[in-house]
Structure formats: C-alpha cells, structure tokens
Number of protein chains: 2
Amino acid sequence: MTKAPTRIQKRNRAAILSAGLDVFSQYGFRGTTLDQIAEAAGLSKPNLLYYFSSKEAIHTALLERLLENWLDPLKALDAAGDPVQEIMAYAQRKLALSKDFPRESRLFANEILQGAPRIEYILHTDLKQLVDEKTTVIKGWADKGKIAPVDPYHLIFSIWALTQHYADFDVQVQAVMPGSDPYAGAATYLDHVISRILQP
Amino acid sequence: MTKAPTRIQKRNRAAILSAGLDVFSQYGFRGTTLDQIAEAAGLSKPNLLYYFSSKEAIHTALLERLLENWLDPLKALDAAGDPVQEIMAYAQRKLALSKDFPRESRLFANEILQGAPRIEYILHTDLKQLVDEKTTVIKGWADKGKIAPVDPYHLIFSIWALTQHYADFDVQVQAVMPGSDPYAGAATYLDHVISRILQP
DNA sequence: TCTTGGTTTGACCAAACGGTCAAAAGAACG
DNA sequence: CGTTCTTTTGACCGTTTGGTCAAACCAAGA
C-alpha cells in the first residue's frame, strides 16, 4: 500500500513533469539534460532525483500520461453516427488537442522521430488495432456510398498530419503568419477540407 | 583560392555528411554525439574533426545543403499555369521530396521542433517572402473563381503537413500499414484531396 | 517541546562528451 | 627510390552528464 503524497510532493512532482515536458518536447530524450529540467522546475538536480529515480523515469511518466488521452479522439469516432459529421468532429477534437496540449504533441513527435523506441509496441498493438477498427468503419461508410470512396488509412493520416502540424511546426507557422492565432483559421479550413473530401 | 578536393576528401566528406544526416535527423543536434557520427561513417572521431572543424560545422553543412532545395517545389508554382493543376503538381513534388529525402525531412522537422534556432531567420525572410508571394497568387485564383475560396496559408500548411507526415512519422505509418509502400497510396489520395478541396 | 519522517543540499563520482595535438602512416609524384 | 603533402591515430584534456550519498534542514503531529 503506497502512502498518499504530501502537499510538497504533489507540487514538486507537478513542477518536474511540467518542466520535463517543456524540455523533452523541444530537445527529445537524448538532447535533454537533468540540469535543464531542474532549472526549469526551480529545483536542484539531486532534489529532482528524490522525486524521480532517473531521467528516464520522468520521460516515461510523461509518455504514459500522454498516451492515456492521445487516442481518445479516435476512439470516440462512432460507427452509428452520421459519417461526415463524425469524421469532422474527430478532426476538430484532434485539433483542439493540438491547441490545448502543444507540448504533448511535440513530445510525441520527438519520440516518433527518434524511432519510437519506447512506444513502438503501442504503435503496433493499441494504435494499430484502433486504426484497423476505425478504418473498417470508414470503409463501411464508403462502401455504402455515405462518403466518397477514399482510402481510410490515408484519411486518418491526413487528419493526424493536418492537426498536429499546428503544434509541432508552430515556430514555422508563426513565422509565416505572425501575430494571428492559426487555430481559428485552421478549424474553419479543416471543416471545409473534410466536407469536400468526403462529399459522396 | 581553395584547392580541389582529393578523391579521399570527397569520399570521406560524403560519408560524414551521410552519417551525420542519419544521426542528426533522428536525435537532433543536442541528442547527437560525434562518436555516433564517427561510427556510422566508419571513421575515428579525430578523423571526423580533420574534415569538419566541429559538430556544429557538420550540422550547418547539412542544413545548408537541405535549404538549397527545400523551397524549390513551392518556387516552381506558376501563376500562369492552370490553378488546380499547379497546386496538385506542387503537392506531388513535395511528396516526392519526402519519399526521396526522408532523412532531410526529419532533419528539418527536428530543427523546427527545437525552435529553429539555426534557421529562424530564413523562416522569417526567404520562407515568409516566398509564401506571401504564392499565397497572393492563390488568392488571385480564388478571387477570380478559378478555385474554391480557401485560405491560401492554410492550404499551403496542409500540403506541407500531408506530404512531410509520411517521412517524419514514417515509423508510425509503417506500424499502422505494415509492409505496403505508403507513398503510392499517398499520391493517389493527395490528388483526390486537392482536387476536391479546390473544386470551385 | 521534542521527535519523527519528509525534504533539500553540497560534495562527490565515473562515464561520456566535444575537441586538441604530436606523431605515425599512407598516398602521390618526380 | 626519396620527398612532400595528405590522412589517420592514440593519448590526452577540460567540461558536462546522469547519478549517489551522507548530512543538514524543515514541517508537523504527539
């Protein structure tokens, strides 16, 4: 039976995870140092290691927390709903995730870029299973003529790409469209795109 | 007057750049070590530094070589051509770049994720200028009713996102669609998507 | 208050890091 | 062959890195 965390434990663990998310999402696992995280968290390095046993433990905790919700938008795609509405709503949920959790998106992107050594098995099990299930649903819609006959895998890839781009390539987006909030325009554009793609 | 490079110089410089591209594109600048590059290139570490004065010199050389061709597909978008054809052809050029130079795409992605410290000025000058120019062209097409009235910035972002995704998230794509070559399906899907988006 | 358990720190360590250097080894060419 | 220039290497250096540890510090309840 593990003890309930103290007030200080809660505060410091949260600070470390937030600081770790800042740094890991920018530099990846190998490019991140404990000193960077410690400074961002406002703690000393040995104090970090009092709360997490290693650099990898922080990274793992972040990845696990991320994966808890990462697949939710796709899971919520309902085979019984209206096809175009369902896919549009899925894309909007994914876009909202990019807007509200850009660091998590970049953490995921970094992990994939590095070959996904720590989450590869999830990609091949949970993710693949989920995608297979939902592509079957989408293919069913296409076969019934409810949506245009698109490749459901590439449809899902395109939704991932379109939505995550605004978080992962934020620096580039900001450079090209300075000042404005890209997410408002992205939401409108996304609706346009998806309704056009799927029009039977 | 710089001397012509010897046969050995050509071979070893090329080996180092290729090895550096392998490692930098996976782990980013900070996450990459000279030993990794040296081993991948089949040279000793001091021998590396005989050809490139520092880790940063290798990275800079790679980024410069990348940027030479990175913007070419968009530059070739012709205001005098057929609007839908031009944009579709642009997307296909960009997709071909992802297929033929996936490591370069990942190197770029890594640089952006890390805040683009070494190429930020290019994003704000060359890239922004080019995008502004081409969005003006696209907006002109939209105003004349030649294509649907889409936001040209988000249109370009979507082409970047869709095409680079197959290189940058290769591991994930392979996990979900094992065995198959995603680029064939992507090319077909891309044509479908763009023609649908732009139909006036 | 005192005691107990949670928290913080400075000093330290071995390994890995980017980089240097002088000397050895090898190519090129008359 | 001998000479000159290029290439390669092993030994080394100072710094950074992930991590340890004992000791000091502090919060909180009895």
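Only this structure's heavy atoms are used, side chains among them; waters, hydrogens and symmetry mates stay out. Throughout, a chain's letter reflects where its sequence line sits, starting with A, and its residues are numbered from 1.
Note that CD1 of B:Ile112 is 8.5 Å distant from CD of B:Gln164, once rounded to the nearest 0.5 Å.
If you check the side chains of B:Arg30 and A:Gln36, you find a donor sitting under 3.5 Å from an acceptor. Between the side chains of B:Tyr153 and B:Asp132, at least one donor N or O lies within less than 3.5 Å of an accepting N or O. Checking A:Asp151 against B:Tyr189 by side-chain atom types alone, no donor-acceptor pair falls below 3.5 Å. B:Asp191 and B:Gln92 form a side-chain donor-acceptor contact under 3.5 Å, judged by distance and modelled atom types alone.
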Inset, instruction - Could you encode protein contacts along nucleotides 10-23 of chain D as a string, one character per nucleotide from 5' to 3', using B for base contact, S for sugar-phosphate-only contact and - for no contact, with a heavy-atom cut-off of under 4.0 Å? - result: B------SBBBB--
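The aromatic rings of A:Phe29 and A:Phe24 sit parallel to each other, their planes meeting at less than 30°, with 60° as the upper class boundary. Using bins of under 30°, 30° to 60° and over 60° for the plane-to-plane angle, the ring pair A:Trp160/B:His165 lands in the tilted bin.
The phosphate of D:dT7 has OP1 or OP2 within less than 4.0 Å of a side-chain N or O from B:Gln9. Note on B:Asn12: a side-chain N or O is less than 4.0 Å away from OP1 or OP2 of D:dT8. Phosphate proximity of D:dT7 to B:Asn47: absent, as no side-chain N or O sits under 4.0 Å from OP1 or OP2. Within the 4.0 Å cut-off from OP1 or OP2 of C:dT8, not a single side-chain nitrogen or oxygen of A:Tyr50 is found.
Look at CZ on A:Arg13: it is 13 Å from C1' on C:dT7, rounded to the nearest Å. Atom CZ of A:Arg11 and atom C1' of C:dG6 are 13 Å apart (whole Å). C:dG19 atom P lies 18 Å from atom OH of B:Tyr51, rounded to whole Å.
Between B:Asp78 and B:Glu86, the shortest heavy-atom distance links the atoms N-OE1, 2.8 Å. Summarising the geometry of B:Pro152 relative to B:Ile138, their closest heavy-atom pair is CB-CG2, 3.7 Å, with the distance given to 0.1 Å. For the residue pair A:Pro200 and A:Lys146, the shortest heavy atom distance occurs at CG-O, 3.4 Å.
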Inset, instruction - Show the numbers, then the answer: is there a ring pair (Phe, Tyr, Trp, His ring centres under 6.0 Å) between A:His154 and B:Tyr166? - result: CA-CA 10 Å; A:His154 290 283; B:Tyr166 291 96; 5.6 Å; yes
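With axes fitted over five pairs at each extremity, the angle between the ends of the helix from C:dT1-D:dA30 to C:dG30-D:dC1 is 10° (10° resolution).
Using a 4.0 Å heavy-atom cutoff across all strands shown, A:Phe52 reaches no nucleic acid atom at all.
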Measure all distances between protein nitrogen or oxygen atoms and nitrogen or oxygen atoms of nucleotides 24-28 of chain D, and list the pairs falling under 3.5 Å.
| unit_1 | atom_1 | unit_2 | atom_2 | d |
| --- | --- | --- | --- | --- |
| D:dA28 | OP1 | A:Arg7 | NH2 | 2.9 |

